[in-house]
K.L.:
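Below is a structure I'd like to ask you about.
All heavy atoms count here, side chains included; hydrogens, waters and symmetry mates do not. First listed ligand is number 1; within each ligand, the first listed atom is number 1.
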Amino acid sequence: MKKITIAIDGFSSTGKSTLAKQLANHLGYVYVDTGAMYRAITLFAMQKEYIGSDFFDKEKLISSLSSIQLQFKFNPDLGFAEMFLNNVNVEKEIRTIEVSSFVSKVAEISEVRTKLVEQQKEMGKNKGIVMDGRDIGTVVFPEAELKIFMTASATTRAKRRYDELVQKGDNVSFEEVLKNVEERDYIDTHRDNSPLIRAEDAIEIDNSDLSREEQFNIVLGLANKITDIN
Ligand code: DC
């Protein structure tokens, strides 16, 4: 069967990674969470104290980029690949609210985007890939056969994120999570470099009122149609 490229973009906490993992598992494709890559660089900047609540030394981060090695390693117990930063598993650390609160600032830097987009293109050169992010259908794989743009209301998304964080034992308030979701929406859609926009040929799915299964079946149907035609 012919393999295609599936690009999934959209606002934060729209369930892109859940959908992308389901599709990749079902189709036997590779799944790449590009947000994890931006998060890992953010964690690096935090560890080196280049970024904090009232400072950000962009130049230091830019000049250290060549020393940052990112790798996805598949964990068969989890069924997906975990993020390694300079050979250390950082999968858990990159998901904290602290990383979320700084990541949009790091993702604005064009040198960071150039480095990561290059790696992402390389990972997808043999197709058979489901990649999620913000600029996958517009910048990384403008030629992707299937592009999905996911949306849901900010409160629906904040509620999902809040439940996830609380379940992991994070001590956060719903208001804090909602504020973070809204701030990231603003920065992600207003940055000069590769802002989050829907590719013209992307199919928009608002999943505020869709179950995971309904959403999966819709997108799998679209993917099957494309592979059947080709
Ligand atoms: O998908 P996520 O919430 O884990 O992404 C974290 C941040 O990284 C998000 O606020 C925007 C940024 N990002 C990006 O700019 N481009 C991507 N392809 C993926 C993520």
Side-chain angles (χ1 to χ4, degrees), residues 5-21 24 31-46 51 56 58 61 65 68 70 72 80-83 85 90-124 129-142 144 147-152 154 156-158 160-162 164-165 168 170 172 177-199 202 207:
T5 300
I6 304 179
I8 302 184
D9 289 304
F11 292 95
S12 61
S13 303
T14 38
K16 297 184 297 294
S17 64
T18 305
L19 172 67
K21 274 181 212 159
Y31 162 58
V32 177
D33 167 7
T34 60
M37 301 169 80
Y38 289 94
R39 285 172 179 274
I41 295 203
T42 305
L43 180 66
F44 174 91
M46 287 162 66
I51 195 167
F56 185 13
K58 290 185 190 177
L61 177 60
L65 282 176
I68 304 179
L70 302 180
F72 284 105
F80 64 89
E82 294 177 294
M83 184 81 241
L85 165 64
V90 292
E91 185 59 36
K92 279 213 179 75
E93 283 156 282
I94 59 170
R95 310 284 168 194
T96 60
I97 189 114
E98 287 75 30
V99 172
S100 298
S101 68
F102 296 134
V103 64
S104 288
K105 291 194 184 103
V106 171
E108 272 182 309
I109 301 174
S110 58
E111 288 83 352
V112 170
R113 303 205 71 85
T114 305
K115 175 183 169 92
L116 296 189
V117 167
E118 193 186 313
Q119 284 183 19
Q120 291 154 9
K121 282 181 190 276
E122 180 65 25
M123 289 184 229
I129 191 164
V130 187
M131 191 173 275
D132 81 38
R134 304 293 188 288
D135 58 345
I136 312 307
T138 49
V139 176
V140 183
F141 300 128
K147 298 181 187 176
I148 303 292
F149 190 82
M150 293 178 57
T151 62
T156 306
R157 292 182 284 128
R160 290 177 188 157
R161 191 102 195 116
Y162 172 74
E164 241 173 60
L165 290 167
K168 277 195 283 181
D170 268 17
V172 285
V177 178
L178 179 61
K179 189 166 163 263
N180 177 253
V181 164
E182 289 173 341
E183 275 172 8
R184 282 206 286 157
D185 284 359
Y186 185 85
I187 302 180
D188 290 349
T189 49
H190 287 77
R191 66 173 174 237
D192 291 337
N193 194 340
S194 311
L196 169 64
I197 41 164
R198 185 190 139 170
N207 65 10

K.L.:
Donor-acceptor check, side chain of Thr156 to backbone of Ala152, threshold 3.5 angstrom: yes or no?
P.N.:
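No, Thr156 side chain to Ala152 backbone: no donor-acceptor pair under 3.5 Å.
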K.L.:
Hey, are Asp33 and Arg95 close enough for a salt bridge, meaning a charged N less than 4.0 Å from a carboxylate O?
P.N.:
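Here Asp33 pairs with Arg95 in a salt bridge, since their nearest N and O are under 4.0 Å apart.
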K.L.:
Return yes when Gln120 approaches ligand 1 closer than 4.0 angstrom through a heavy atom, no otherwise.
P.N.:
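No, Gln120 has no heavy atoms under 4.0 Å from ligand 1.
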K.L.:
What do you reckon, does Tyr38 have a nitrogen or oxygen under 3.5 Å from a nitrogen or oxygen of ligand 1?
P.N.:
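Such a contact does not occur with ligand 1.
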K.L.:
Got the closest protein heavy atom to atom 4 (O) of ligand 1, with its distance?
P.N.:
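Nearest neighbour among protein heavy atoms for atom 4 (O) of ligand 1, to 0.1 Å: Arg39 NE, 2.7 Å.
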K.L.:
Would you say Arg113 has any N or O atom under 3.5 Å from an N or O of ligand 1, going by distance alone?
P.N.:
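Yes, since at least one N or O of Arg113 sits under 3.5 Å from an N or O of ligand 1.
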K.L.:
Checking a contact table here: which protein heavy atom is nearest atom 12 (C) of ligand 1, and how many Å away?
P.N.:
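Of the protein heavy atoms, Ala107 CB, 3.8 Å lies nearest.
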K.L.:
Quick test: of every protein heavy atom, which one is nearest to atom 19 (C) of ligand 1, and how far off is it to 0.1 Å?
P.N.:
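Protein heavy atom with the smallest distance to atom 19 (C) of ligand 1: Thr34 OG1, 3.3 Å.
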K.L.:
Tell me the protein heavy atom at minimum distance from atom 18 (N) of ligand 1, and give that distance in Å.
P.N.:
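For atom 18 (N) of ligand 1, the nearest protein heavy atom is Asp135 OD1, 2.8 Å.
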K.L.:
Please compare Arg184, Glu108, Arg191, Arg161 and report which has the shortest non-hydrogen distance to atom 10 (O) of ligand 1.
P.N.:
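The residue whose heavy atom sits nearest atom 10 (O) of ligand 1 is Arg184.
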K.L.:
State the atoms of ligand 1, each with its element, that fall below the 4.0 Å cut-off from a heavy-atom position in Asp188.
P.N.:
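Every atom of ligand 1 under 4.0 Å from some heavy atom of Asp188: 9 (C), 10 (O), 11 (C).
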K.L.:
Closer than 4.0 Å to some heavy atom of Ser104 - which atoms of ligand 1 meet that?
P.N.:
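It comes down to these atoms of ligand 1: 10 (O).
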K.L.:
Return the closest protein heavy atom for atom 1 (O) of ligand 1 as residue, atom name and distance.
P.N.:
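Protein heavy atom at minimum distance: Arg134 NH1, 3.0 Å.
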K.L.:
Quick check: does Ser12 get an N/O under 3.5 Å from an N/O on ligand 1?
P.N.:
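Not met; the criterion fails.
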K.L.:
Do NZ/NE/NH1/NH2 and the carboxylate oxygens of Glu164 and Arg161 come within less than 4.0 Å?
P.N.:
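Yes, Glu164 and Arg161 are salt-bridged.
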K.L.:
Both conditions, 6.0 Å and 45 degrees, for the charged tip of Lys105 above the ring of Phe56: are they met here?
P.N.:
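No - Lys105 does not lie over the ring of Phe56 by the 6.0 Å and 45° rule.
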K.L.:
Under 4.0 Å between a Lys/Arg side-chain N and an Asp/Glu carboxylate O for Asp9 and Arg134?
P.N.:
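Looking at Arg134 together with Asp9, the answer is no, because their closest N to O distance does not fall below 4.0 Å.
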